[in-house]
Amino acid sequence: MRFWRRVLTGLARCDFDSFVCGNIPQPPADPSPGEVVAYAELTALVAETGLHGAVGQQLWGSQPETIRDRRGLFFSVGDVLMDVFPLVSDGVRPHDGDELDRFVDAHANARGERDSPQFRKQLQADATDTDHRIHRYWSLSAQLSNTPATIGQAHHWLHGALNRSTGHASEN
């Protein structure tokens with residue numbers, strides 16, 4: 001929880017609690033050996049230096065100070081992520097469309113900007129979605145939560161769609 005408190009600094013406690021409820025796996029009550037190993041790896045990952053910064057950059061970008069409405073961004077992106085879950089679960093590849101447009105609009109609106117090709121390139125350049133530890137974290141979370149998709153995997157899908165829309169398709 002400390003890991004996510006640092007990443008989500010500035011959110012109200014009730015907003016943080018709603019995120020925790022559905023996105024941070026709890027230790028299994030009667031774990032299998034594989035679940036013990038997965039949970040231990042997850043715990044070790046969040047203790048790694050720099051991971052909270054990488055996740056924060058994935059969520060907020062490299063210039064979080066430009067965000068005027070962090071709570072609005074958090075909830076607007078959350079709404080988009082809910083619509084992306086079925087796409088991730090069904091193995092649909094990232095693509096341009098309504099989900100990406102809403103994701104970019106959420107970031108633009110939170111910064112007092114407008115969606116444009118230049119804004120998309122800046123958003124793509126400011127965020128990171130290439131740290132293997134982020135992807136491992138969400139893979140382990142999916143395993144421990146026994147779910148076909150996680151918020152992190154849906155976020156990765158959106159970054160892939162953004163990469164494609166800015167001509168960086170090979171980066172995803």
Side-chain angles (χ1 to χ4, degrees), residues 1-29 31-78 80-81 84-85 88 94 103-104 106-107 110-111 119-163 166 168-172:
M1 286 249 239
R2 282 183 295 211
F3 172 82
W4 283 107
R5 284 195 197 287
R6 290 191 333 202
V7 171
L8 299 174
T9 298
L11 288 182
R13 182 173 181 88
C14 62
D15 298 337
F16 177 81
D17 290 345
S18 71
F19 175 84
V20 168
C21 181
N23 294 294
I24 300 176
Q26 299 301 310
S32 69
E35 289 172 324
V36 170
V37 170
Y39 201 82
E41 185 179 349
L42 189 69
T43 301
L45 271 174
V46 298
E48 284 189 21
T49 304
L51 182 62
H52 83 279
V55 172
Q57 187 174 350
Q58 181 195 39
L59 297 176
W60 311 116
S62 64
Q63 300 175 19
E65 68 279 359
T66 65
I67 300 170
R68 297 177 184 175
D69 183 6
R70 187 175 276 231
R71 186 174 191 268
L73 177 60
F74 179 77
F75 282 103
S76 294
V77 168
V80 176
L81 292 171
V84 171
F85 277 126
V88 173
F103 176 72
V104 173
H107 279 275
R111 290 171 171 82
F119 181 79
R120 285 178 184 234
K121 287 180 182 176
Q122 187 63 48
L123 182 61
Q124 188 270 332
D126 284 349
T128 182
D129 193 53
T130 58
D131 191 312
H132 72 279
R133 298 172 302 172
I134 295 171
H135 304 291
R136 185 64 183 149
Y137 175 91
W138 289 113
S139 175
L140 291 166
S141 292
Q143 177 185 341
L144 290 165
S145 301
N146 196 25
T147 182
T150 64
I151 193 169
Q153 291 163 332
H155 209 243
H156 178 64
W157 189 98
L158 287 163
H159 278 273
L162 180 62
N163 285 341
T166 60
H168 293 89
S170 63
E171 293 179 20
N172 185 25

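Residues: numbered from 1 along the sequence shown. Note that these values count all heavy atoms, side chains included, but never hydrogens, waters or copies made by symmetry.
In this structure, the side-chain hydrogen bond (donor to acceptor under 3.5 Å, both in side chains) partners of Asp15, at least two apart in sequence or on a different chain, are Arg71. With sequence neighbours left out, the salt bridge (charged side-chain N to carboxylate O under 4.0 Å, His left out) criterion links Arg120 to Asp101, Asp115. By the side-chain hydrogen bond (donor to acceptor under 3.5 Å, both in side chains) test, His155 is found to be paired with no residue, residues two or more places apart in sequence or in another chain being considered.
In terms of heavy atoms, Leu8 sits closest to Phe74 at CD2-CE1, 4.1 Å. Residues Phe85 and Ala149 share a closest heavy-atom pair of CD2-CB, 3.8 Å.
With a 4.5 Å cut-off on side-chain heavy atoms, Phe3 and Ile24 do not count as touching. His135 places a side-chain heavy atom less than 4.5 Å from the side chain of His156. A heavy-atom distance below 4.5 Å is not found between the side chains of Leu158 and Leu162.
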Run the side-chain donor-acceptor check on residues 138-146: report pairs under 3.5 Å with partners two or more places apart or on a different chain.
{"from": "Ser141", "atom 1": "OG", "to": "Tyr137", "atom 2": "O", "distance (Å)": "3.0"}
{"from": "Ser145", "atom 1": "OG", "to": "Ser141", "atom 2": "O", "distance (Å)": "2.9"}

Output a table of donor-acceptor pairs, distance under 3.5 Å, between side-chain atoms of residues 42-54 and any protein atom two or more places apart or on a different chain; print 'none' if there are none.
{"from": "Thr43", "atom 1": "OG1", "to": "Tyr39", "atom 2": "O", "distance (Å)": "2.9"}
{"from": "Glu48", "atom 1": "OE1", "to": "Arg133", "atom 2": "NH1", "distance (Å)": "3.3"}
{"from": "His52", "atom 1": "ND1", "to": "Arg6", "atom 2": "NH2", "distance (Å)": "2.7"}

Practice problem: Apply the test side chain to side chain contact (heavy atoms under 4.5 Å, CB included) to residues Leu73 and Asp69: give CA-CA distance (whole Å), side-chain angles for both, the deciding distance (0.1 Å), then the verdict. | Solution: CA-CA 6 Å; Leu73 177 60; Asp69 183 6; over 6 Å; no
Quiz item: Run the side chain to side chain contact (heavy atoms under 4.5 Å, CB included) check on His107 and Gln122 step by step: do they pass?
Solution: CA-CA 11 Å; His107 279 275; Gln122 187 63 48; over 6 Å; no
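In terms of modelled atom types and a separation under 3.5 Å, the side chain of Gln153 and the main chain of Thr150 share a donor-acceptor contact.
If you take CD on Glu65 and CZ on Arg111, they are separated by 9.0 Å, rounding to the nearest 0.5 Å. The OG1 atom of Thr166 sits 4.0 Å away from atom CD of Gln124, with the distance rounded to the nearest 0.5 Å.
His132 and Arg136 share no donor-acceptor pair across their side chains, judged by distance under 3.5 Å alone.
Applying the salt bridge (Lys or Arg N to Asp or Glu O under 4.0 Å) test to every pair with at least one member in residues 138-156, sequence neighbours left out, gives no pairs at all.
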